[in-house]
Amino acid sequence: MTDATAAGRSRLVEVALPLPLLKTFTYAVPATTRHALVAGSRVVVQVRNKRVIGLCVGESDGASLGDVVPKPILDVPDAEPALDAGMLAVCRWIADYHVVPLGLVCRAVLPAALTVAARPAPEGKAERVLVLLKELPTLVARDEAFKRAPQQRALYELLEQLGGRAPVNTLVAQLGCTPTVVQGLEKRGLARVEREGRMRDPFALRAPTPAPTVTPTAAQQKAIDAIIAGGPGSSTLLHGITGSGKTLVYLRVLDHVVRTEGTSAIVLVPEIALTPQTVDRFRAVFGDMVAVLHSGLSDGERLDAWRALRRGEKRIAVGARSAIFAPLADLGAIIVDEEHEASYKQAETPRYHARDVALIRARHSGARCVLGSATPSLESWKNAQEGRHQLIGLPDRVGGGVLPKVHIVDLRQELKVATPDEKARRLVISAPLEAALRSRLERGEQSILLLNRRGYASFVQCPDGHVAVCPNCSISLTYHRTPERLVCHYCLHQEDAARACADCGQPMARQRGIGTQQVERLLVERLPTARIARMDVDTTSGKWAHATILDRVGRGEVDILLGTQMIAKGLDFHNVTLVGVIDADVGINLPDFRASERTFQLLSQVAGRAGRGAKGGEVFIQTRVPSHHAVRHAATHDYHAFVAEELPARESPPYPPTLRLTNVVVSGLDEVAVATFAREVTDWIEGAVLRFGLDITVLGPAPCPVERIKNRYRWHTTLKTTAAGDLTRLMRGVMQSITVPNVSDMRMVLDRDPVALL
Ligand code: ADP
Ligand code: ZN
């Protein structure tokens with residue numbers, strides 16, 4: 001019995017609630033509760049007539065109550081706390097660092113089924129599911145089959161993107177079509193409606209792969225030993241080129257952790273790399289010990305996985321970003337594969353970066369943290385250089401494999417030699433690339449073609465490849481249509497959009513992207529016998545679709561795999577001997593200070609897909625700026641040379657990792673109101689910086705490069721600093737002092753360490 005209860009006053013606890021207020025709330029604990037109440041326990045409380053799930057975060061002395069009589073805890077639903085002390089500390093860190101209510105962090109960390117007071121919906125209700133029966137692998141076959149049925153084609157392609165199996169309701173809703181379209185597909189024998197209890201876990205059905213019987217190379221063994229020797233709380237940056245065998249290093253470290261030490265582990269992979277191929281490799285070695293946390297799980301399945309991990313029935317969690325919150329006790333290792341991936345950053349509140357959380361969690365729980373990449377982020381690289389991580393390199397491919405030869409195709413040259421009617425085509429598939437594709441077809445080898453996704457921001461470029469760049473910020477200027485201007489969204493510098501090229505005087509034109517469909521058509525025309533598969537990341541609803549396509553590639557049923565960024569990751573097909581990058585400039589010219597870094601990473605990754613087998617491989621990169629350092633050093637697979645040029649460029653004007661950024665984004669439905677509020681926010685920030693003598697540079701406000709998303713106008717102000725503490729103070733001030741006006745659905749977001757400023 002505590003002193004408080006002895007003195008007759010009831011026990012008080014602090015509860016974090018999922019409300020947009022930067023505080024916790026004090027509640028009274030009734031004399032008896034269903035289960036013991038400790039820090040980390042879920043509690044049910046009443047908020048404005050609603051039962052809400054909160055999380056007890058500790059005892060309270062009631063100091064913040066004043067005269068207010070605390071309301072009682074209504075229920076303690078679980079016997080065990082949902083979060084242990086280590087996880088609670090991690091949640092606190094996220095809440096403090098990103099200046100987010102602790103209750104919102106706790107909600108993001110727990111499976112959805114545990115955050116609502118109502119019982120989770122009963123499962124097992126039969127659902128009508130449409131199943132794809134027949135594949136139409138070529139465009140020609142599709143054109144033929146759906147000549148007079150465009151809606152059926154849309155349905156067919158959506159179903160295909162969704163992995164060949166999807167609820168009828170979802171499909172019909174997504175396409176806005178009538179059920180007769182579904183019947184149409186059925187009648188032609190292309191698909192069939194089935195009744196199913198619930199959607200299947202795409203991984204559950206896969207046949208087990210045999211465990212690899214390979215012995216680590218000397219370099220791999222050295223890495224394994226060093227990581228293990230690093231001990232509790234250590235962090236290691238594993239810089240291993242593509243094909244250097246990082247996965248075997250992870251597997252051996254995991255083996256040591258779960259089998260020798262008897263502890264548990266988390267493996268993070270980027271969502272789009274969470275392919276069956278990747279997962280199979282962990283399942284092959286650790287079988288039932290592995291829980292896979294992917295976005296395709298239903299709430300119920302996720303809760304099952306969470307409980308199995310919490311109870312220690314599963315000891316290895318493999319998953320994307322949010323798997324960093326897997327409720328494992330006794331963590332021995334946390335592995336972050338492809339640590340440079342932007343998708344580790346959560347795009348909504350709380351905007352945590354899973355790599356940073358991994359480091360914090362490892363420190364709190366005494367685990368070893370391993371950050372692996374062929375192209376580490378400059379932040380991690382700098383941290384390693386400054387001794388915050390142990391740095392281990394795997395500079396060679398396993399088995400003496402050589403990196404593929406990279407040819408840079410200068411599109412300006414291509415244009416010069418092309419006949420007039422060839423010009424448009426040659427910018428998409430240059431003569432050398434076409435010849436290379438042909439030779440692969442003849443030899444029965446496979447090719448991968450990457451079409452970089454353009455995103456929304458557009459830039460202007462002259463025929464020689466020069467791009468309009470801000471004179472102050474060395475960032476490409478963004479084309480804005482109304483009024484027609486070129487704008488630097490970092491410093492607001494503006495220019496006439498119709499101006500001639502500063503380098504060569506030729507007219508500049510707005511660059512619009514070509515789509516994968518267009519490229520596919522061109523390929524069909526030029527290489528009619530090729531079996532082509534297309535993979536778009538735009539069809540985000542089809543997260544699991546690529547598993548099917550990749551399996552087809554693996555079985556040799558595809559000659560050319562055409563796709564966006566998602567094809568660059570983790571694929572390991574030995575018969576792929578050619579990789580083509582259709583337009584390397586798309587990424588380079590994004591108005592973001594990481595544009596070069598992202599392009600270098602992407603080109604390196606995709607180049608790493610070629611020549612993984614004995615047959616070797618070749619890469620063709622098409623560009624108008626062959627001298628750009630991202631292209632040059634990707635072509636020679638030289639990360640160190642890239643960093644040697646890129647790091648100094650981040651010093652002046654300064655960008656991360658030289659300093660830290662926070663992006664303050666204001667958005668709303670009314671353009672003027674947004675601009676006005678952005679100005680007010682910035683004035684407040686500038687005032688606070690002066691008043692408290694904060695060491696922070698304030699830039700803006702300016703329209704975001706993507707000035708409008710889903711009808712919302714967007715403005716931003718960028719804060720630059722090396723003083724993390726000052727930044728936290730300022731962010732708290734903003735969140736506590738600025739009231740977001742209740743007009744035009746106005747919102748304000750503070751994004752600390754943003755991965756992009758678009
Ligand atoms: P990375 O992730 O570093 O790009 P992977 O882990 O995918 O590289 O390994 C590349 C290939 O080398 C895979 O096919 C893997 O099975 C194989 N491999 C890795 N280590 C060894 C080894 N010690 N002996 C033989 N093959 C290996
Ligand atoms: Zn500028």
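One-based numbering, in listed order, for ligands and for the atoms of each.
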Enquirer: Please state which option from Gln220, Arg252, His574, Lys246 has its nearest heavy atom closest to atom 20 (N) of ligand 1.
Expert: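 Nearest option to atom 20 (N) of ligand 1, by heavy atoms: Gln220.
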
Enquirer: Looking only at heavy atoms, is any part of Val398 under 4.0 Å from ligand 1, and if so is it the side chain, the backbone, or both, or is it neither?
Expert: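 It is the side chain that touches ligand 1; the backbone stays farther off.
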
Enquirer: Between His340 and His239, does the ring centre distance come in under 6.0 Å?
Expert: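 Ring-ring flag for His340/His239: false, centres at least 6.0 Å apart.
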
Enquirer: Examine ligand 1 and decide if any of its atoms is less than 4.0 Å from a heavy atom belonging to Gly243.
Expert: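 Per 4.0 Å heavy-atom rule, Gly243 contacts ligand 1.
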
Enquirer: Which atoms of ligand 1 sit under 4.0 Å from any heavy atom of Ile241?
Expert: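 Close to Ile241: 3 (O).
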
Enquirer: Out of all atoms in ligand 1, which are within 4.0 Å of some heavy atom of Thr215? Include the element for each.
Expert: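 Answer for ligand 1: 22 (C), 23 (N), 24 (N).
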
Enquirer: Given that the side chain starts at C-beta and the backbone is N, CA, C, O, which of these parts of Pro216 lies under 4.0 Å from ligand 1, counting heavy atoms, or is it both or neither?
Expert: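 It is the backbone that gets close, since no side chain atom is under 4.0 Å.
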
Enquirer: Is Arg397 touching ligand 1 with its side chain, its backbone, both, or neither, if touching means heavy atoms under 4.0 Å apart?
Expert: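 Neither part.
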
Enquirer: So, Arg355 and Glu339, do they make that salt bridge, N to O below 4.0 Å?
Expert: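 Result for this pair is yes, salt bridge flagged.
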
Enquirer: Can you sort out which atoms of ligand 1 are near Leu248, meaning under 4.0 Å from one of its heavy atoms?
Expert: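 So the answer, numbered in order with elements, is 20 (N), 23 (N).
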
Enquirer: Less than 6.0 Å separating the ring centroids of His633 and Phe600?
Expert: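 No, ring centres 6.0 Å or more apart.
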
Enquirer: For Val249 and ligand 1, answer yes if some heavy atom of the residue is under 4.0 Å from a ligand atom, otherwise no.
Expert: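 It does not; every heavy atom stays at 4.0 Å or beyond.
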
Enquirer: Heavy-atom distances under 4.0 Å decide this one: backbone, side chain, both or neither, for Glu338 against ligand 1?
Expert: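 The answer is neither; Glu338 stays 4.0 Å or more away.
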
Enquirer: Any side-chain donor paired with an acceptor under 3.5 Å for Ser380 and Ser377?
Expert: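 There is such a pair between these side chains.
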
